[in-house]
Amino acid sequence: MKSEIKSEWMSEAPPIIKEFLGYVGTIKGKSPKTVDEYYLDLRTFFRYIKKSRDLVPPETDFEKIGISDVDLDFIKTITLTHVFEYMNYLSTERHNKASTRSRKVSSLRTFFKYLTNKTGKLAFNPVEELETPKQRKSLPKYLTLEQSLELLSKVDGPTKERDYCILTLFLNCGMRLSELVSLNLSDVRRGTSTVRIVGKGNKERIVYLNDACLDAIDRYIRVRPNNALIDKNALFISKQKKRISPKTVQYLVKKYLSEIELGNLSVHKLRHTAATLMYQHGHVDIRVLKDILGHENLGTTEIYTHLSDEQMANAAKANPLSKVKQRSSVDLKKAIKKEPE
């Protein structure tokens with residue numbers, strides 16, 4: 001899918017957008033997936049502008065509107081009002097969630113900042129005052145410690161060593177799905193008990209492996225296929241003798257979650273689980289947790305600092321004033337009489 005999108009913007013995007021995408025991919029070091037998202041967001045925006053200005057026939061399907069003719073002169077006509085109208089369109093017509101609209105705002109900000117500050121092609125940034133849509137903050141869903149143990153106990157079948165290892169890394173290291181499937185044999189450094197993870201924007205981080213992870217990896221390596229492999233470097237191998245795909249991992253995780261009646265949860269919830277267990281049970285410092293998860297901002301990690309009802313109840317009981325009760329006037333008089341003269 002990624003290669004299809006890239007080939008599309010390479011052939012259909014106007015030069016000014018191609019230059020921008022090249023900048024964020026090469027200079028900023030953003031991942032191919034992120035570059036594709038920038039293109040799709042900008043394409044939607046300029047399709048809307050062209051349609052709202054009646055620059056295409058009324059009967060033209062929105063998804064068929066081309067943007068190859070968008071140039072600097074066209075971009076110079078964009079105002080903040082146009083962007084506000086576009087955001088309203090995303091909300092009322094396309095029914096985009098706040099999170100989706102926030103990403104599109106980010107894409108526009110980056111694009112216009114590039115044209116203004118990096119290339120000087122624009123003298124004024126029309127979206128400088130554009131605010132990000134407020135998102136309703138909700139606590140991440142996660143498995144309890146008991147549910148996590150139950151999930152691991154359900155692993156069985158011809159690929160049980162591989163599947164158990166995958167679940168163990170998710171639950172102990174908090175990897176993203178894309179990070180896990182991209183792991184290579186060489187990323188596991190047995191001598192230092194660490195694993196090299198390539199995260200968003202091709203940023204690398206080193207995460208330490210605990211005994212559970214090391215044992216699971218060792219057991220899997222002993223049965224890992226070695227003959228006629230399509231990708232000899234891949235850590236996790238599929239039945240087709242190639243690197244395991246995200247869909248396969250999603251399927252097997254869903255299967256085991258269903259066995260403990262949590263089939264409604266996604267693979268990403270295992271990442272939430274790892275973070276929550278490390279914070280609540282391991283008392284891991286929030287800044288350390290940020291580095292383990294590969295978050296760019298501490299604010300992203302802070303969502304895992306939520307406390308369970310039991311923890312909040314225990315905190316209230318631990319207050320040294322928890323047993324101090326208001327005295328009645330009768331009790332106060334008795335206490336005064338008992339005081340030595």
Side-chain angles (χ1 to χ4, degrees), residues 1-3 5-6 9 19-42 99-100 102-111 113-114 117-118 132 140 166 168-210 213 217 231 233-236 243-246 249-250 266-276 278-279 284-305:
M1 181 66 180
K2 287 184 195 174
S3 59
I5 294 176
K6 182 175 181 180
W9 68 253
E19 292 169 8
F20 165 71
L21 298 176
Y23 165 76
V24 295
T26 305
I27 306 301
K28 298 289 287 182
K30 299 297 183 182
S31 68
K33 180 181 178 183
T34 300
V35 175
D36 289 345
E37 287 175 347
Y38 275 125
Y39 166 67
L40 294 175
D41 288 344
L42 291 174
S99 57
T100 302
S102 294
R103 193 198 71 222
K104 293 183 186 297
V105 164
S106 177
S107 295
L108 289 175
R109 277 179 173 166
T110 305
F111 179 62
K113 185 177 180 181
Y114 162 78
N117 299 348
K118 300 299 179 181
T132 301
I166 287 174
T168 298
L169 291 182
F170 273 139
L171 290 170
N172 283 273
C173 301
M175 295 182 190
R176 300 179 178 92
L177 174 61
S178 59
E179 294 170 347
L180 181 130
V181 299
S182 65
L183 286 177
N184 291 323
L185 284 169
S186 58
D187 291 330
V188 178
R189 298 163 181 177
R190 200 66 175 78
T192 56
S193 299
T194 59
V195 60
R196 169 183 168 272
I197 300 174
V198 180
K200 288 185 175 181
N202 291 321
K203 291 183 179 178
E204 296 183 12
R205 67 183 188 276
I206 301 297
V207 172
Y208 281 84
L209 299 169
N210 57 28
C213 293
I217 291 172
D231 189 342
N233 296 321
L235 175 60
F236 293 111
R243 183 183 296 273
I244 198 167
S245 69
V249 175
Q250 288 172 327
S266 65
V267 172
H268 201 66
K269 297 302 180 288
L270 299 187
R271 175 171 161 86
H272 292 331
T273 299
T276 304
M278 279 188 275
Y279 183 78
V284 176
D285 185 273
I286 188 68
R287 289 163 295 185
V288 175
L289 191 59
K290 167 185 172 290
D291 292 340
I292 293 174
L293 296 174
H295 285 159
E296 192 167 334
N297 301 308
L298 187 62
T300 308
T301 317
E302 287 176 346
I303 194 170
Y304 296 108
T305 62

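Side-chain N or O atoms of Thr110 include one that pairs as donor or acceptor with a backbone N or O of Ser106 at under 3.5 Å. The backbone N or O of Glu179 sits less than 3.5 Å from a side-chain atom of Ser182, completing a donor-acceptor pair.
The residue from Tyr23, Tyr39, Phe20 that alone fulfils the ring pair (Phe, Tyr, Trp, His ring centres under 6.0 Å) condition with Phe111 is Phe20. In summary, of the residues considered (Thr34, Asp36, Leu40), a side chain to side chain contact (heavy atoms under 4.5 Å, CB included) with Tyr38 occurs for Thr34 alone.
The shortest non-hydrogen separation linking Met175 to Val195 is CE-CG1, 4.2 Å. Shortest non-hydrogen contact noted between Val35 and Leu21 is O-CD2, 3.7 Å.
A heavy-atom distance below 4.5 Å is not found between the side chains of Ser186 and Asn233. You'll find the side chain of Leu180 reaches within 4.5 Å of the side chain of Val249, heavy atoms only. Side chains of Arg176 and Arg271 form a contact here, defined as non-hydrogen atoms less than 4.5 Å apart. Residues Cys213 and Cys173 are in side-chain contact: their nearest non-hydrogen atoms beyond the backbone lie under 4.5 Å apart. Using a 4.5 Å cut-off on side-chain heavy atoms (C-beta onward), Phe236 and Leu169 make contact. With contacts defined as side-chain heavy-atom distances shorter than 4.5 Å, the pair Tyr114/Val24 does not qualify. Between Leu108 and Asp41 there is no side-chain heavy-atom pair separated by less than 4.5 Å.
We find the OG1-CG distance between Thr168 and Leu270 to be 10.5 Å, quoted to the nearest 0.5 Å. With rounding to the nearest 0.5 Å, the separation of CG in Asn184 from CG in Leu235 is 8.0 Å. Rounding to the nearest 0.5 Å gives a distance of 13.0 Å between CZ of Arg205 and OG1 of Thr194. Taking CD of Gln250 as the reference point, atom OG of Ser266 lies at 8.5 Å (rounded to 0.5 Å). Between Ile217 atom CD1 and Ser193 atom OG the span is 9.5 Å, to the nearest 0.5 Å.
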Exercise for the section: Using the side chain to side chain contact (heavy atoms under 4.5 Å, CB included) rule, take Glu37 and Arg103 through it: C-alpha gap first, then chi angles, then the decisive distance, then the call. Expected result: CA-CA 9 Å; Glu37 287 175 347; Arg103 193 198 71 222; 4.2 Å; yes
Exercise for the section: Kindly determine whether Thr192 and Tyr208 satisfy side chain to side chain contact (heavy atoms under 4.5 Å, CB included), including the steps that lead there. Expected result: CA-CA 8 Å; Thr192 56; Tyr208 281 84; 5.6 Å; no
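Not counting sequence neighbours, the partners of Arg196 by the salt bridge (Lys or Arg N to Asp or Glu O under 4.0 Å) test are Asp187, Glu204.
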